[in-house]
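Given the structure is predicted, the values throughout are model-derived calculations rather than measurements. Remember, it's 1-based here, ligands and their atoms both numbered in the order they're listed.
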Amino acid sequence: MNDHFYQSVSVLNGIGEEKEKELQQIGLETVFDLLQHFPYRYENHEVQPIEQLRHDDRVTISGVVQTEAAVRYFGKKKSRMMIRLVVENILVSAVFFNRAFLKNKINRGDTVTLTGKWDKHKLTITVQDFKQGEPDPTKQLEAVYSVGGSITVKQMRRFIQTTLQMYAEYIPENMPASILSAYKLPLRSEAYWSIHCPKNKEELKHARRRLVYEELLLFQLKMQAFKRQERLSKSGMSHRFDEDKVNDFIHQLPFSLTNAQLRVTQEIMKDMTDSLKMNRLLQGDVGSGKTVVASVAMYAAYLSGNQSALMVPTEILAEQHFEALRDLFREGNVNISLLTGSVKGKTRRLRNESIENGETDIVVGTHALIQEDVKFKHLGLVITDEQHRFGVTQRRTLQEKGYDPDVLFMTATPIPRTLAISVFGDMDVSAIDELPAGRKPVETYWVKHDMLERILRFIEKQVDQGRQAYVICPLIEESETLDVQNAIDVHAQLQQFFVRHHVGLMHGRLTTEEKEQVMDSFSSNKIQILVSTTVVEVGVNVPNATTMLIYDADRFGLSQLHQLRGRVGRAQYQSYCVLMADPKGETGQERMKIMQETEDGFALSEKDLELRGPGDFFGSKQSGLPDFKIADVVHDHKALETARQDAAAMIKSEAFWRDQTYAGLRQYLENSGVLDGQKLD
Ligand code: ADP
Ligand code: MG
């Protein structure tokens with residue numbers, strides 16, 4: 001891209017100071033920004049046969065005028081004009097509001113093209129757009145842009161067309177000719193023309209294909225070049241430990257690791273001993289035993305004389321991991337410490353000291369771990385659990401505390417491969433794709449709310465057999481207060497029902513001590529039935545709990561339901577998950593059925609992706625999902641995979657770094673700063 005493209009939009013005719021400001025406000029500062037302001041949809045002015053027109057659709061028809069225009073006025077400004085025309089031998093009415101000035105332009109015998117809202121029953125079009133003559137076959141599709149301020153879509157079209165006329169021919173081609181011909185992609189400058197002013201659907205399709213591929217390829221190149229650069233420049237932490245001791249540790253565990261756990265452990269060990277920096281994503285369904293794998297890694301770090309940090313999203317989870325690790329490291333001299341927001345005052349100071357002077361080997365904690373006052377002596381390994389809940393910045397902060405530790409991200413949200421790659425393209429991915437032996441699948445039932453009493457009787461039976469149950473309360477979007485109120489109501493109701501048992505209550509408004517107390521009582525079976533908001537979603541482990549009832553289950557995403565369901569079925573007992581829902585729409589029903597039929601978290605996440613889009617996985621922008629201008633990771637996942645493979649091959653090849661055909665792509669990498677080891681954003 002030469003400098004022309006980075007000039008302010010004000011170089012264009014018709015863009016004065018005011019418009020310039022308004023364009024800036026919607027992020028369009030330069031000429032290139034305008035070129036890249038892609039339409040979000042197209043008006044279809046294609047003329048379709050009358051019988052195919054749908055009621056209330058915006059349509060375009062063309063025919064011969066049969067009558068003089070008849071105008072009726074209402075007051076001074078308002079008018080209604082009607083003409084009749086013949087379209088495909090059918091007599092059709094056209095109504096114009098407040099456009100009586102057209103009266104003299106329309107004469108009997110004229111051919112006209114009209115666009116507007118179609119009334120199928122009255123065979124009438126309410127005209128929005130009028131044109132003399134036959135429809136123009138090159139203007140069937142008209143771009144519609146997002147706009148802001150006083151700028152109209154029409155103006156935006158004009159700005160962009162002016163830009164194209166002045167600059168399109170100078171848009172440099174950045175793809176090697178071999179790629180263009182292999183995928184039959186149009187040239188870059190052509191694609192820019194066609195995406196804004198497509199002559200027809202076919203041309204639009206190819207333009208989009210080209211621009212999507214380009215965007216994804218550049219993204220993948222950036223990711224992979226970054227990864228390569230990091231590998232070349234930084235020598236990461238190289239842990240030295242006695243593998244026999246690690247194996248001893250594995251053998252003294254109360255169970256034997258699954259093959260998947262062993263394989264993944266191997267992958268991690270290799271990364272750790274290697275002098276390259278580990279940057280690995282560990283995916284594993286709920287209950288697949290990621291925590292144990294993490295403990296092996298932390299043990300290895302300990303053997304090599306390094307500290308580890310395990311960062312989790314909630315205090316409950318931190319407590320639980322802390323307990324679990326203390327259990328796993330019962331024998332030996334591994335010092336484990338807990339650091340959360342509620343560890344304060346003197347205790348906090350002491351724990352910080354012990355971390356700073358190296359007495360503490362493993363720290364488990366929440367975000368508190370990345371506060372200013374926490375300093376490690378020699379941090380060698382950072383593990384984050386449920387990493388999708390951490391912002392990118394938080395992860396970085398910990399890494400940037402002056403250390404260059406190996407990094408392992410664990411997640412129980414089985415992110416579909418396509419997304420994992422696009423979001424975590426600079427990481428290696430390991431998956432635990434096998435559950436420990438002897439687990440029985442959780443039986444899942446979808447019922448209507450009027451079954452509540454029967455379900456409660458069922459829970460009662462389970463509890464009478466010594467088991468425990470979760471009751472998850474309706475989720476009310478965007479309102480924690482209402483969620484809490486719901487939980488309180490349900491709790492009161494269930495206390496009346498379960499007179500012989502203890503019903504506990506858990507929600508986000510409780511203090512940490514209160515939460516801890518409730519969890520302790522539930523773990524030790526002093527509480528048999530736990531009513532809760534989704535606070536229990538992540539990682540909570542009470543193996544004696546066998547039944548989960550979820551109110552208004554259709555309000556949750558499939559992945560979230562799966563997470564919740566993962567709280568039961570953690571021991572040898574048959575477990576049950578009851579989804580109570582009266583979904584209105586078809587998708588709602590389909591989702592409930594899918595939950596009944598599918599136990600596989602990966603399959604569910606693919607489905608979720610299909611039904612709800614990627615938002616459900618990553619919540620918000622800061623989650624790390626790249627903000628593409630034209631590509632859509634869900635819709636374009638095939639292109640994403642192709643681009644990933646192509647980028648990998650290019651980066652690896654010598655030709656890429658040398659040949660003229662790749663100059664455009666190399667230039668892009670240079671401009672984006674990746675080659676100087678700058679951060680990726
Ligand atoms: P995750 O974090 O992946 O959801 P956890 O590590 O919490 O899973 O493990 C779930 C439960 O299964 C824990 O109680 C753990 O002790 C147990 N577990 C882990 N690995 C095995 C195994 N290989 N065999 C039997 N039980 C296991
Ligand atoms: Mg876990």
Check: Does a sphere of radius 6.0 Å around CG in Asn333 hold more than 12 heavy atoms from other residues, nucleotides or ligands, not counting ones at 6.0 Å or beyond?
Finding: no
Check: Are Tyr302 and Phe241 an aromatic pair by the rule of ring centers under 6.0 Å?
Finding: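 Tyr302 vs Phe241: aromatic centres not under 6.0 Å.
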Margin query: Has Glu597 got a side-chain atom pairing as donor or acceptor with Ile594's backbone, closer than 3.5 angstrom?
Written below: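 Not confirmed, Glu597 side chain does not pair with Ile594 backbone.
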Item checked: Glu359 side chain to Asn335 backbone, donor-acceptor under 3.5 Å -> no
Item checked: Proximity of Arg570 to ligand 1 by residue part, where a heavy atom lies under 4.0 Å -> side chain
Margin query: I'd like to know if Glu641 pairs up with Arg644 as an ion pair, taking the criterion as any Lys NZ or Arg NE/NH1/NH2 lying under 4.0 Å from an Asp or Glu carboxylate oxygen.
Written below: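 Yes.
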Next item on the list: Answer yes or no: is there an ion pair linking Lys515 with Glu315, defined by an N-O contact shorter than 4.0 Å?
Entry: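 Glu315 and Lys515: not salt-bridged.
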If you count the atoms of ligand 1 from 1 in the order shown, which ones are under 4.0 Å from a heavy atom of [X]?
X      : answer
Leu257 : 23 (N)
Thr258 : 23 (N)
Thr291 : 2 (O), 5 (P), 6 (O), 7 (O)

Of all the heavy atoms in [X], does at least one lie under 4.0 Å from an atom in ligand 1?
X      : answer
Asp285 : yes
Ser256 : yes
Ser288 : yes

Item checked: Nitrogen or oxygen atoms of Gly284 and ligand 1 under 3.5 Å apart -> no
